[in-house]
Amino acid sequence: MDVIAWALVPVAGMLVAATAAVLIVGLALKGTASRDRATVLSAVAEVIRAVRGRR
């Protein structure tokens, strides 16, 4: 693989992870009452931290 491919693979991986996080938040908030949104966002953030290994 050439140098450009080595640079693009991590960028593509981060793009996929960011897109997945946005989709997860969108699905989690869809149909949620406004009073429960903070709890849902906290839970999603905790899941993302656990997946990334910061826990």
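Below, all heavy atoms of this structure are taken into account, side chains as well, without hydrogens, waters or symmetry copies. This one's a predicted model, so the numbers in the text were calculated from it and none came from an experiment.
- The side chain to side chain contact (heavy atoms under 4.5 Å, CB included) test applied to A20 returns no partner, not counting sequence neighbours.
- Evaluation of the side chain to side chain contact (heavy atoms under 4.5 Å, CB included) rule for V25 yields L29, L41, V44 as partners, not counting sequence neighbours.
- With a 4.5 Å cut-off between side-chain heavy atoms of Ile, Leu, Val, Met, Phe, Trp and Tyr, the cluster of L8 takes in I4.
- D36 and T32 make their closest contact through CB-CG2, 3.7 Å (heavy atoms, listed as atom of the first residue, atom of the second, distance).
- For T39, there are no side chain to side chain contact (heavy atoms under 4.5 Å, CB included) partners, not counting sequence neighbours.
- Taking A7 as the reference, nothing meets the side chain to side chain contact (heavy atoms under 4.5 Å, CB included) condition, with sequence neighbours excluded.
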